[in-house]
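Heads up, the thing below is written out as structure tokens.
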2 protein chains.
Amino acid sequence: MAPAAKKILIADDEPDILEIITYNLQLHGYDVVTAKDGDQAIQKARETNPDLIILDIMMPKKNGIEVCKILRGQPAFDNTLIVFLTALNDELSHVKGLEFGADDFISKPISPKVMVSKVNAFFRRVAKPEDSKAVEVGELRIEPEEYMVYYKGVPISLAKKEFELLNYLASKPGRVFLRNEILNQIWGSEVIVGDRTIDVHIRKIRQKLGVDCITTVKGVGYKFDI
Amino acid sequence: MAPAAKKILIADDEPDILEIITYNLQLHGYDVVTAKDGDQAIQKARETNPDLIILDIMMPKKNGIEVCKILRGQPAFDNTLIVFLTALNDELSHVKGLEFGADDFISKPISPKVMVSKVNAFFRRVAKPEDSKAVEVGELRIEPEEYMVYYKGVPISLAKKEFELLNYLASKPGRVFLRNEILNQIWGSEVIVGDRTIDVHIRKIRQKLGVDCITTVKGVGYKFDI
DNA sequence: TTGGGTTGTTTACACAAAGTTAACATCTGA
DNA sequence: TCAGATGTTAACTTTGTGTAAACAACCCAA
């Protein structure tokens, strides 16, 4: 199994640019989500929880800097890379952007090739070792390296999707994950599966663990809580 | 009887130099991987997990020092030797390189012969005890020096690939190894073998040992567990 | 050199587990 | 209470793995 593809959200109001960049990033194995204005960028960022967000500065509804400011105000995006697309020599934007927590800048115009290698570079820079860190909550221990879960020391083996789902939910105990977020994270943004798929997996996890550590939040999603 | 070939990654932007060095190192039994720029070096380092990385200082995309800096930031390369190829008397590079965790320098120009003996010297210097360390888990003992396995004291002889595979998995009991990781480690990065090859070898190991100490994690890989 | 044995790889197929869907039951909050 | 959301179950589809058998490469001894 390859590790899940890195997810990138690109927000730009020019459809052509959006399309070219999307195509090239997808070619290199990235999972790409697009937005055509600031509001949409914020919405999609919430829905898909990307690893990297590329924001054009000049956009309708909300400009890139406003979007960045809003996202940086939310704990969910603490570990998300945010970079700006700016016109060359736009010093003012640079200054403002850094103020609001951007991680870097990409100057326009830019070739798709350069864009891809820049994106690769971003991910190298933040290559997280924590991907494989064990989570321990109460009597429950989740060991990503072993693909195993222990409850009161008793090993419980979950199937791949079950494990990924539990591990995802347990990554932030107490926080509610929307059904959409879960779908995007575990199944990817391209895959389309039915409404009941998540429920069934949740059910299997509850069954295997014996404890109900997953709480349903009706109309919203699920959360891990013990 | 020989332990698995040492893997060396060489990054240099001059194809001629790359070819000559590669040829000579291969002659001496090393498994050589090449890269023609900094980005590729990082990528291949991740993919192939070499024992020694030789970096030209002057390279496109990223220079050797940048590459070194990035790799040293990752736990996976803690035990990897990194040496630089530098022009004679390039003191500045030396200083910078050491700062970022290089293990040594090789001055250009250098003859293939000298290169090979230097490489041999590197490996002698770090002759890892773990290569020849017996692994013992439960009733199972793995003796890398003898290429032998003992179960409850009874000697069991495995074929080369079988032994390497078991030894690899047993190096971290409980941890799941992805099929890709296994392929890269046991078969090498260049070799392309079919999907079923791993399974067959796993099967032979299970058969010969009599105990099922290898657990399948469907869709992920295998792990050693007893 | 030859030929048998060993090791490694591929192929083809069977099978079991995982994942998904659909249909229906149940719950919950306005 | 009732509609919408979720839980449950079983059937179905897909995927990945196990296995046997054949083939290829290699080694070694006669």
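Protein chains get the first letters and strands the later ones, always in sequence-line order, with residue 1 at the start of each.
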- request: Quick one: list whatever passes side-chain hydrogen bond (donor to acceptor under 3.5 Å, both in side chains) with A:N180, sequence neighbours left out.
  value: none
message: Determine whether the aromatic ring centres of residues B:Y222 and B:F177 are separated by less than 6.0 angstrom.
response: no
- request: Specify the residue among B:K204 and B:V217 whose closest nucleotide of DNA chain D lies further upstream toward the 5′ end.
  value: B:V217
query: Does A:L52 reach the side chain of A:V119, with side-chain heavy atoms less than 4.5 Å apart?
result: yes
- prompt: Can you list the residues that meet the side-chain hydrogen bond (donor to acceptor under 3.5 Å, both in side chains) rule with A:K208, with sequence neighbours excluded?
  reply: A:E162
message: If the condition is side-chain hydrogen bond (donor to acceptor under 3.5 Å, both in side chains), which residues does A:Q43 pass it with, not counting sequence neighbours?
response: A:E47
- prompt: Going 5' to 3' along nucleotides 7-15 of chain D, which nucleotides have protein heavy atoms under 4.0 Å from the base (write B), which only from the sugar-phosphate (write S), and which from neither (write -)?
  reply: BBB------
- prompt: Listed by chain and number, what are the side-chain hydrogen bond (donor to acceptor under 3.5 Å, both in side chains) partners of A:D225, not counting sequence neighbours?
  reply: none
- prompt: Whole-Å distance between D:dT6 P and A:I214 CD1?
  reply: 14 Å
task: Let me know, please, whether B:E162 or A:H201 comes out on the 5' side of the other along DNA chain C by nearest nucleotide.
output: B:E162
query: Do B:T22 and B:I8 have side chains that get closer than 4.5 Å, going by heavy atoms?
result: no
- prompt: Taking 5' to 3' order, which nucleotide of DNA chain C is first and which is last to have an atom within less than 4.0 Å of a heavy atom in chain A?
  reply: C:dA18 to C:dT28
field: Output field: ring centroids A:F163/A:Y147 closer than 6.0 Å
entry: yes
